[in-house]
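Order of the sequence lines sets the chain letters (A, B, ...), proteins ahead of strands, with each chain counted from 1. As a basis for the values below, the full set of heavy atoms in this structure was taken, side chains included, without hydrogen atoms, waters or symmetry mates.
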Protein chains: 2
Amino acid sequence: MVSSASSAGWDEPLLHGGDLAEARRLFPDAPEPFIDLSTGINPNPYPLSRLPVGVFARLPDADTLAALTAIAAQVYGAPSSAHVVAAPGTQILLPLVATLAPPGQAAVLTPSYGEFSRAAALAGHSITSVHDLAAIRAARLVFLANPNNPDGRLFSRNDLISLAENLRAHHGLLVVDEAFMDVAPAGASLAADVSAGNIVVLRSFGKFFGLAGLRLGFALAAPEMAARLTTMLGPWAVSGPAIVIGAKALADAAWIKKARRRLEDSAGKLDAILTKSGLNIVVGTNLFRLVRTDAASELFHHLGCAGILVRRFPEHANWLRFGLPANEKAWRRLQIALAAFQRSG
Amino acid sequence: MVSSASSAGWDEPLLHGGDLAEARRLFPDAPEPFIDLSTGINPNPYPLSRLPVGVFARLPDADTLAALTAIAAQVYGAPSSAHVVAAPGTQILLPLVATLAPPGQAAVLTPSYGEFSRAAALAGHSITSVHDLAAIRAARLVFLANPNNPDGRLFSRNDLISLAENLRAHHGLLVVDEAFMDVAPAGASLAADVSAGNIVVLRSFGKFFGLAGLRLGFALAAPEMAARLTTMLGPWAVSGPAIVIGAKALADAAWIKKARRRLEDSAGKLDAILTKSGLNIVVGTNLFRLVRTDAASELFHHLGCAGILVRRFPEHANWLRFGLPANEKAWRRLQIALAAFQRSG
C-alpha cells in the first residue's frame with residue numbers, strides 16, 4: 001500500500017501548493033493581499049496578448065497542435081515532434097504514463113513529488129520508496145524528478161542513462177519528471193535520450209512560464225509510446241488557449257533567456273534573506289528554495305498570520321518550501337516577517 | 001476487436017469534425033473564409049469578457065472549482081455537487097469512465113459517436129454493437145448518446161432507467177453521453193438519476209455554449225464513483241479559464257434561454273433549406289441535422305469546393321451531417337451552393 005499523506009495525523013489541508021482560499025480559512029486575520037509562496041511557479045508570467053475568439057470557440061485543429069509539438073521538441077531537445085505528446089498538464093499524464101509498464105514493482109525516489117506514488121498505485125503497481133539510484137534494482141517502473149522537488153537534488157544524465165540501461169534488461173521503464181529542468185544547468189535533461197525506448201520525460205509548461213492555470217504539459221517518449229499516450233488522451237486533450245499561448249511562449253527565446261536570468265537573481269536574493277534570518281540549511285532550484293529548521297511549524301504559522309503562504313510537508317515536519325515573491329512589495333513583506341520571527345525566537 | 005474507421009478503405013482523413021486545416025488541403029481552391037458546418041457546436045458562442053491574468057497564471061483553487069461544480073449540478077439537475085466531476089472535456093473522461101466497470105462485454109449503441117468503442121476497448125472491454133435497447137442483455141458496460149449523434153434519436157428517461165435496473169442485476173454500468181441534451185426536450189436527462197449508482201451521465205460544456213476550444217465537460221455520477229473519477233483525473237485537471245468562463249456561462253439563465261430559442265430557429269431554417277434543395281430525409285438535434293442521400297459523396301465534394309465543410313461518415317456512405325451556419329453570409333453561401341448542386345443533379 002501507498003502511505004497517503006492524509007492518513008498521517010495531518011489534520012490541516014494544504015497538501016499541495018497554491019490553495020489561497022484554504023490559506024485564508026487557516027489565517028482569517030492575515031493582511032491582504034495574501035502572498036502565495038507555496039508553489040514553484042514563476043511569479044512573473046509570460047505576457048499574455050489578446051486571443052481571437054476562435055481559439056476558445058473552435059475545436060483546436062491538427063495543424064495548430066502540430067506547431068506546438070514541433071516547437072516543444074526543439075526547445076526541450078526531443079529528437080522530433082513524433083516524440084512529443086501535449087497534454088492538459090503533466091499531472092493528468094502521470095497515471096497514464098504509469099500504465100505504460102505492466103503492473104509490478106514501482107520504485108519511487110523519495111522524498112519527491114507526492115503524486116508519483118498515487119499515480120503508480122492507480123495503475124496497479126506496488127510502491128517501493130528508495131532514496132538513491134543505487135537502491136533501484138529490478139523495478140518495472142521508476143518515478144523520479146530531476147531536478148528533484150523539493151530538495152533540488154540533481155541527477156547526472158549519465159547516471160540516469162545507466163539506470164535506464166539496467167532497467168531495460170527487466171523491461172523496466174524510467175519516468176523522469178523534469179518539471180523544474182528549465183532552471184537547471186544545461187546538459188542534465190534526458191529529452192534527447194527518449195529514443196532509447198524505456199525513458200519517458202515529463203516537461204511542465206506552466207511553472208517556468210508562470211502560467212499554471214493554463215494547464216499545459218508534455219511527455220517526451222519514443223514514438224510508439226508517445227502514440228499510445230496520445231491515444232489514451234484522445235482527441236482535443238489540450239485547450240485552444242493552451243496551444244496558442246504555449247506555442248508562442250516556447251518560441252520566444254529572448255523571453256526565456258531573460259526569465260532564466262531573472263529567476264536566478266531572485267533565487268539568490270531569497271537565499272540571502274533566508275540566511276540573514278538565521279535559516280541556514282537551504283537547497284532547491286531557482287523556482288523554489290527548501291529550508292530545514294526545527295521551527296518550521298512555528299514559522300509556517302508566523303508567516304501565515306503575516307499573509308504569506310509557504311509550503312510545508314506532512315512527512316517532514318522540519319521542512320518549508322519558499323517560492324519566489326512576485327514584486328518589491330512582496331519581497332519587503334517577506335523580509336519584515338522573517339526578521340520579526342527571528343527577533344521573536 | 002473494434003472495427004476502426006480508418007481500416008474501412010477510407011483513405012481521406014476528416015473522421016472527426018472541425019479540422020479546417022485538413023479541409024483546406026482537400027479543397028485547396030475553395031473560396032475563403034471556409035465555413036465549418038462539420039461540428040455540432042453552437043456557432044454563436046457565449047460572449048467572452050476579459051479574464052484577469054491570475055486565471056491563467058495561478059493554479060485553479062478549490063473554491064473556484066467548487067463554485068463551478070455547484071452551478072453545474074444545479075443547471076444539469078444532478079442531486080448535488082458531490083455528484084459532479086469537472087474535466088477538460090468529456091472526451092478525456094470516456095476511457096476513465098470505461099474503467100469504472102471491470103473488463104467484460106461492453107454494448108455500444110450504434111450508430112453513434114465513434115469514440116465510445118475506442119474508449120471501451122482501451123479499458124479492456126470487448127465490444128458488441130447493438131441497435132436498440134432491447135438488444136442489450138448482460139453487458140458490463142453500456143455506452144449510448146441521448147439524444148443520439150448523428151441521428152438525433154431520443155431515448156425516454158423511463159426506458160433508460162429500466163435498462164439501468166436490468167444492468168444492476170449483473171453489476172453493469174450505463175453511461176449516457178448527453179452532449180446534446182441542452183437542446184433536447186425537457187425531462188429526458190438522467191442527471192437526477194445518477195444516485196442509482198450504476199448510471200454515469202456525461203455533459204459537454206463546449207457544444208451548447210459554443211466554446212469547444214476551452215475544453216470543459218462533466219461526469220455526473222454517484223458520489224463514490226465521482227470521487228474515483230476525480231482521483232483518476234488528479235488535481236488541477238480543468239484550466240483556470242475553463243473554470244471561470246464555465247461557471248459564469250452556466251449561471252447565465254437568460255443567455256441559455258435565448259440560445260436555446262435561437263438554435264431552434266436555426267435548425268428549422270436549416271431544415272427548410274435542405275428540404276427545398278431536395279434533401280428530404282432529415283433528422284438530428286437543434287445543433288446539427290443529418291441528411292440521408294445517395295448523392296452524399298458528390299454533395300460533400302461540391303460543398304467542399306464551395307468552401308463549406310460538412311461531416312461525412314466512413315461507415316455510412318449516404319449520410320452527411322450539417323452544423324448551423326454562424327451568420328447571414330454563411331447561410332447565403334450554403335443556400336447558393338445547395339441550389340447549384342440541385343441544378344447540377
Side-chain angles (χ1 to χ4, degrees), chain A residues 13 16-22 24 36 39 41-48 50-51 53-64 66 87-89 91-96 115 118-119 122 206 210-216 231-245, chain B residues 13 16-22 24 36 39 41-48 50-51 53-64 66 87-89 91-96 115 118-119 122 206 210-216 231-245:
Chain A
H16 284 293
D19 198 338
L20 275 191
E22 198 53 46
R24 288 190 176 107
D36 185 10
T39 72
I41 299 165
N42 185 346
N44 298 111
Y46 186 77
L48 298 172
R50 221 184 151 75
L51 296 171
V53 174
V55 170
F56 293 86
R58 295 184 46 78
L59 285 170
D61 72 23
D63 284 17
T64 332
Q91 192 56 55
I92 215 162
L93 282 169
L94 290 174
L96 303 183
E115 293 289 324
R118 206 181 66 83
L122 261 178
L211 294 171
L214 193 60
R215 308 314 295 139
L216 178 61
T231 301
M232 287 192 264
L233 286 170
W236 318 296
V238 181
S239 73
I243 294 176
V244 171
I245 296 170
Chain B
H16 283 292
D19 198 339
L20 275 190
E22 196 55 46
R24 288 190 175 107
D36 184 12
T39 71
I41 298 166
N42 185 344
N44 298 111
Y46 186 78
L48 297 171
R50 221 184 153 74
L51 297 171
V53 174
V55 169
F56 294 87
R58 296 184 45 79
L59 286 170
D61 71 23
D63 283 16
T64 331
Q91 193 56 57
I92 214 162
L93 282 169
L94 291 174
L96 303 184
E115 293 290 324
R118 207 181 65 83
L122 261 178
L211 294 171
L214 192 60
R215 309 314 294 136
L216 178 61
T231 300
M232 287 192 264
L233 287 169
W236 318 295
V238 181
S239 73
I243 293 176
V244 170
I245 295 170

Under 4.5 Å from any heavy atom of chain B, what part of A:Leu233 do you find: side chain, backbone, both or neither?
both
What's the separation between atom CG in A:Asp63 and atom CD in B:Glu22, rounded to the nearest 0.5 Å?
7.5 Å
Greatest number of non-hydrogen atom pairs under 4.5 angstrom with chain A, of B:Pro47, B:Pro45, B:Pro43, B:Ala57, falls to B:Ala57
Taking atom CG of B:Leu96 and atom CG of A:Leu96, what is their separation to the nearest 0.5 Å?
7.5 Å
Tell me the closest heavy-atom pair linking A:Trp236 and B:Arg215, and the distance in Å.
O-NE, 2.6 Å
Is B:Leu59 close to chain A through its backbone or its side chain, or both, or neither, when contacts mean heavy atoms under 4.5 Å?
both
Among B:Pro60, B:Pro95, B:Pro88, B:Pro241, which residue forms the greatest number of heavy-atom pairs with chain A at distances under 4.5 Å?
B:Pro88
Side chain, backbone, both or neither: which part of B:Ile92 has a non-hydrogen atom closer than 4.5 Å to chain A?
both
Could you tell me which residues satisfy ring pair (Phe, Tyr, Trp, His ring centres under 6.0 Å) with A:Tyr46, sequence neighbours excluded, listed by chain and number?
A:Trp255
Cut-off 4.5 Å, heavy atoms of chain A, and the answer for B:Leu94 is neither
Before you tell me yes or no, could you show the steps for B:Thr231 and A:Arg118 under side chain to side chain contact (heavy atoms under 4.5 Å, CB included), namely the whole-Å CA-CA distance, both residues' side-chain angles and the distance that decides it to 0.1 Å?
CA-CA 9 Å; B:Thr231 300; A:Arg118 206 181 66 83; 3.0 Å; yes
Side chain to side chain contact (heavy atoms under 4.5 Å, CB included) assessment of A:Leu122 paired with B:Met232
CA-CA 7 Å; A:Leu122 261 178; B:Met232 287 192 264; 4.2 Å; yes
A:Leu216 versus chain B, heavy atoms under 4.5 Å apart: side chain, backbone, both or neither?
neither
